[in-house]
Amino acid sequence: MNENSPIGVFDSGIGGLTVLRELLVELPDEDFIYFADSKNAPYGPRTVEDVTALSSRIVQFLVDKGCKIVVIACNTATAAAVYAMRKDFKVPIVGLEPAVKPACLKTRTRHVGVLATEGTFRGAHFKNTSDKYRKYVSLHLEIAKELVELAERGVFSGNEVDAIIEKYVAPLKQNNVDHIVLGCTHYPFFRPVIERVAGDGIKIIDSSEAIARRTKDILMTTNMMRTENPHRTVSLYSSDSPEKLSLIANAYLHEQVTIEGNVNI
Ligand code: DGL
């Protein structure tokens, strides 16, 4: 393994593509291998043991492919498994958590909405971060569970999406939030609808840019960043239909990807 080795990225499904998009921009000379565990999505309602076991098999798969670093592009898998992965594997493991801190620092109304999965809300990261700001900021939490399933089906707009987003955003508006944190990597696909339903005066934020910068920082400070690569590769694997993944990836990423096919983990 050296600086020319690829970066591994995974999620319970296609959600991590919203993180991969930022990684591709931030790290233009790196090769990437993305794994979408769509067969086992959603992770949100699964137990910690279950998500840890799945994450472990995926990280092993990425390490076997020679990845020099693994990005867990999933809030739920980070909440359940990041410490175990760091203990069990030698490569650096980057996790992500909902952007609660920046929202709490920026809010003027001192009310912040957070959309995430139940697994993320249950996790220690979320509890620790929200406890720090609890005295000054009220967090209003919603588990927008249908959005993961809609995204996995490739449905990103239309009446069904509007109705579900209104159901979760309306109580946040009633609570006078001025920021909504997208705490699940599947949700940024719905950003245009969420912005429309939220209306002016409510900012929507997610963690994808921050995690891309964090990954770059680790690579730079450990002398593992690749700086020259005229034909970088972005290889995608899925535990479910690779066709579906290919369709969404080609529409969402501004780059040519290779679909390597279906892998059973
Ligand atoms: N995309 C994931 C996250 O960021 C998980 C969604 C799910 O599988 O429930 O939490």
Side-chain angles (χ1 to χ4, degrees), residues 1 5-24 26-27 30-44 46 48-97 116-117 119-120 123 125 148 151-152 183-189 206-208 211-212 214-215 218-219 233-242 244-246 248-249 252-253 257-265:
M1 202 208 308
S5 305
I7 297 176
V9 183
F10 79 93
D11 176 51
S12 65
I14 61 156
L17 295 176
T18 63
V19 174
L20 180 61
R21 182 155 87 168
E22 297 304 327
L23 286 163
L24 293 174
E26 203 63 63
L27 294 159
E30 300 283 357
D31 290 337
F32 286 88
I33 298 180
Y34 181 88
F35 189 92
D37 192 14
S38 294
K39 191 183 79 179
N40 296 304
Y43 279 9
R46 287 181 180 273
V48 168
E49 292 71 28
D50 215 2
V51 174
T52 304
L54 291 165
S55 301
S56 192
R57 296 210 287 274
I58 298 167
V59 176
Q60 187 65 59
F61 170 80
L62 294 169
V63 166
D64 290 347
K65 291 267 169 223
C67 291
K68 61 183 174 187
I69 187 169
V70 171
V71 179
I72 309 181
C74 176
N75 295 266
T76 313
T78 301
V82 72
Y83 297 121
M85 297 307 103
R86 284 183 183 146
K87 193 162 77 55
D88 294 348
F89 294 93
K90 283 204 189 79
V91 293
I93 307 278
V94 190
L96 90 169
E97 59 176 303
T117 70
T120 298
H125 282 106
V148 174
E152 289 296 321
C184 168
T185 55
H186 281 75
Y187 299 169
F189 286 118
D206 67 60
S207 333
S208 49
I211 193 172
R214 172 86 189 117
T215 308
I218 294 173
L219 292 173
T233 58
V234 182
S235 310
L236 269 48
Y237 293 84
S238 174
S239 57
D240 194 16
S241 146
K244 206 173 57 185
L245 178 63
S246 150
I248 296 167
Y252 191 74
L253 303 173
V257 299
T258 315
I259 304 293
E260 303 285 359
N262 178 285
V263 171
N264 229 335
I265 55 136

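Since the model is a prediction, treat every value here as computed from it, not as a measurement.
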Working to the nearest 0.5 Å, report the span between [atom1] of [X] and [atom2] of [Y].
| X | Y | atom1 | atom2 | result |
| --- | --- | --- | --- | --- |
| Ile33 | Leu62 | CD1 | CG | 6.5 Å |
| Thr233 | Asp31 | OG1 | CG | 3.5 Å |
| Leu23 | Leu17 | CG | CG | 11.0 Å |
| Tyr43 | Asp50 | OH | CG | 9.0 Å |
| Thr117 | His186 | OG1 | NE2 | 10.5 Å |
| Lys90 | Met1 | NZ | CE | 9.0 Å |

Between [Y] and [X], is there a side-chain heavy-atom distance shorter than 4.5 Å?
| X | Y | answer |
| --- | --- | --- |
| Thr76 | Thr120 | yes |
| Asp206 | Tyr187 | no |
| Tyr237 | Ile259 | no |
| Cys184 | Val148 | yes |

Output all residues satisfying side-chain hydrogen bond (donor to acceptor under 3.5 Å, both in side chains) with Ser239, sequence neighbours left out; order by chain, then residue number. Asp37
Ignoring hydrogens and geometry, is there a side-chain-to-backbone donor-acceptor pair from [X] to [Y] under 3.5 Å?
| X | Y | value |
| --- | --- | --- |
| Ser12 | Pro42 | no |
| Ser246 | Pro242 | no |
| Thr78 | Leu96 | yes |
| Thr185 | Thr18 | no |
| Ser238 | Asp240 | yes |

So which heavy atom on [X] is nearest to which on [Y], and how close?
| X | Y | answer |
| --- | --- | --- |
| Thr52 | Ala80 | OG1-O, 3.5 Å |
| Gly183 | Ala116 | O-CB, 3.5 Å |
| Phe89 | Ser56 | CZ-O, 3.6 Å |
| Gly66 | Pro6 | O-CD, 3.7 Å |

Contacts of type salt bridge (Lys or Arg N to Asp or Glu O under 4.0 Å), residue Glu26, not counting sequence neighbours: Lys216
Apply the test side chain to side chain contact (heavy atoms under 4.5 Å, CB included) to residues Val19 and Asp11: give CA-CA distance (whole Å), side-chain angles for both, the deciding distance (0.1 Å), then the verdict. CA-CA 10 Å; Val19 174; Asp11 176 51; over 6 Å; no
Can you run down the salt bridge (Lys or Arg N to Asp or Glu O under 4.0 Å) pairs that involve residues 66-89, sequence neighbours left out, and say none if there aren't any? Glu30-Lys68
For Lys39 and Asn262, which I'm curious about, is there any donor-acceptor pair between the side chains at under 3.5 Å? no
Please report the C-alpha distance between Tyr252 and Ile14 in whole Å, then the side-chain angles of each, then the deciding distance to 0.1 Å, and finally whether the side chain to side chain contact (heavy atoms under 4.5 Å, CB included) criterion is met. CA-CA 10 Å; Tyr252 191 74; Ile14 61 156; over 6 Å; no
Going through the distances and angles, do Val257 and Phe32 end up as a side chain to side chain contact (heavy atoms under 4.5 Å, CB included)? CA-CA 10 Å; Val257 299; Phe32 286 88; over 6 Å; no
Mind running side chain to side chain contact (heavy atoms under 4.5 Å, CB included) on His125 and Tyr83 for me, showing each step along the way? CA-CA 11 Å; His125 282 106; Tyr83 297 121; 3.4 Å; yes
Please confirm whether the ring centroid of Phe10 lies under 6.0 Å from the ring centroid of Phe61. no
